[in-house]
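Read the structure below first, then the notes.
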Amino acid sequence: MIWHVKETKNNINNQTIVAATKYFTPSQMRELFHEGINHFGENRIELLLEKQAELTDLNITWHIIGTLQTKKVKKVINNISYLHSLDNIKLATEIEKRRTTPLKCFIQVNISGEDSKHGLEINEVIPFIDEIKDYKNIEIIGLMGMAMYTNNEETISNSFNTLNELLITINKERNLKLKELSIGMSNDYLIAIKHNATFLRLGSCLFEKEV
Ligand SMILES: *Cc1c(COP(=O)(O)O)cnc(C)c1O
């Protein structure tokens, strides 16, 4: 692998890069760690546990960035520091029951306008926050969203603006101080930075396969 961590870091400010581990084997993750990445985000629970078991000697902060099925909460929830995909009450209730300390969570919001099964609709987010406000083991830190996969910068900007406005509305209406935005992937992270991203979930821009 040829790594592009330095180039990527030169393009960003103080956002946290969460490397999407679906592209990597544990030994490639070890290389990436030595390139200066220590936040890793996995989509698949079984793979997260496998990779974690092989990398116990590294000081890694683990994230789940993909869908977490309620039935898999028990085996993984105390192994991670961040969940980017909280979007339903059944999942929240199971986390509340199984987690032993407050888990930093992003509420995933459907901002792409696409018919997605993932993420709450904009108007569902405040009611959801109200519903889980007494859950001791869930600490909402902000919002996560994925823009449509497109080259149209305006479409992407509009999606990220929507999420920014929602964060402001939540903070105002519920007297909260949520700060974090998990937006930006390889194709749109430069736009995400202009729209107050604090966490970037990056995969393909971090490497090139050697031929
Ligand atoms: C794979 C993945 C990413 C990163 O994808 P790239 O486009 O390769 O940067 C970000 N977020 C989620 C949820 C992913 O599954």
Side-chain angles (χ1 to χ4, degrees), residues 15-18 20-22 38-49 51-52 59-112 116-146 159-160 162-185 192 195-201:
Q15 291 81 14
T16 301
I17 297 178
V18 181
T21 58
K22 63 168 177 271
N38 58 356
H39 285 254
F40 288 102
E42 180 52 66
N43 301 69
R44 307 252 321 267
I45 303 317
E46 288 75 13
L47 292 179
L48 185 144
L49 295 171
K51 289 167 177 173
Q52 217 166 32
N59 187 12
I60 290 173
T61 302
W62 293 90
H63 302 236
I64 289 176
I65 60 174
T67 308
L68 174 57
Q69 290 174 279
T70 302
K71 65 179 184 205
K72 295 190 178 168
V73 165
K74 189 161 87 170
K75 56 178 162 188
V76 76
I77 206 66
N78 288 300
N79 292 44
I80 59 169
S81 300
Y82 293 86
L83 173 67
H84 291 243
S85 52
L86 183 61
D87 69 355
N88 71 81
I89 192 71
K90 255 180 68 189
L91 176 61
T93 304
E94 182 69 4
I95 294 170
E96 172 67 3
K97 180 168 154 196
R98 303 289 182 185
R99 176 83 183 183
T100 54
T101 57
L103 174 64
K104 291 183 163 55
C105 294
F106 294 89
I107 296 176
Q108 185 173 350
V109 185
N110 178 12
I111 53 167
S112 70
S116 160
K117 11 182 230 315
H118 302 299
L120 291 172
E121 298 303 322
I122 306 282
N123 62 2
E124 296 173 327
V125 175
I126 290 183
F128 181 73
I129 289 176
D130 290 345
E131 218 174 331
I132 63 174
K133 72 174 188 319
D134 295 327
Y135 285 24
K136 288 174 201 62
N137 294 324
I138 293 186
E139 179 192 355
I140 302 297
I141 60 167
L143 303 175
M144 182 275 226
M146 286 193 243
S159 292
F160 292 161
T162 301
L163 209 59
N164 270 272
E165 280 164 20
L166 178 59
L167 195 71
I168 292 168
T169 305
I170 292 168
N171 284 338
K172 201 155 71 190
E173 291 196 5
R174 290 299 180 267
N175 197 21
L176 296 170
K177 289 197 176 92
L178 307 183
K179 284 193 296 284
E180 312 300 347
L181 283 176
S182 171
I183 49 175
M185 299 169 50
H195 292 88
N196 307 320
T198 58
F199 286 75
L200 309 169
R201 305 178 318 275

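This one's a predicted model, so the numbers in the text were calculated from it and none came from an experiment. The residues of the chain are indexed from 1 along the displayed sequence.
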Got a second to check how far [X]'s [atom1] is from [Y]'s [atom2], nearest 0.5 Å?
X: E94; Y: L91; atom1: CD; atom2: CG; value: 8.5 Å
X: S85; Y: I107; atom1: OG; atom2: CD1; value: 11.5 Å
X: I129; Y: L143; atom1: CD1; atom2: CG; value: 6.5 Å

Of the non-hydrogen atoms in [X] and [Y], which two are nearest, and what is the gap between them?
X: A20; Y: I65; answer: CB-CD1, 4.0 Å
X: G145; Y: I183; answer: O-CG2, 3.7 Å
X: S182; Y: H84; answer: OG-ND1, 2.9 Å
X: L68; Y: V73; answer: CD2-CG2, 3.9 Å
X: N171; Y: K177; answer: OD1-N, 3.5 Å

Can you say whether the rings of F40 and W62 are parallel (under 30°), tilted (30 to 60°) or perpendicular (over 60°)?
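F40 and W62: tilted rings.
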Inter- and intrachain pairs under side chain to side chain donor-acceptor pair (under 3.5 Å), touching residues 123-133, at least two apart
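As it turns out, the side chain to side chain donor-acceptor pair (under 3.5 Å) pairs with a partner in residues 123-133, which skip direct neighbours, are D130-R174.
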Candidate pair I45 and I64, rule side-chain contact (heavy atoms from CB on, under 4.5 Å), full reasoning
CA-CA 8 Å; I45 303 317; I64 289 176; 3.7 Å; yes
Does a side chain donor of either E42 or T21 reach within less than 3.5 Å of an acceptor in the other side chain?
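The criterion, which ignores hydrogens and geometry beyond distance, is satisfied for T21 and E42.
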Taking the side chain as C-beta and beyond, is there a heavy-atom pair between D87 and T67 under 4.5 Å?
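No, their side chains stay 4.5 Å or more apart.
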Taking only residues two or more places apart in sequence or in another chain, which ones pass ring-ring contact (aromatic ring centres under 6.0 Å, His included) with H39?
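If we apply the ring-ring contact (aromatic ring centres under 6.0 Å, His included) test to H39, skipping adjacent residues, the hits are H63.
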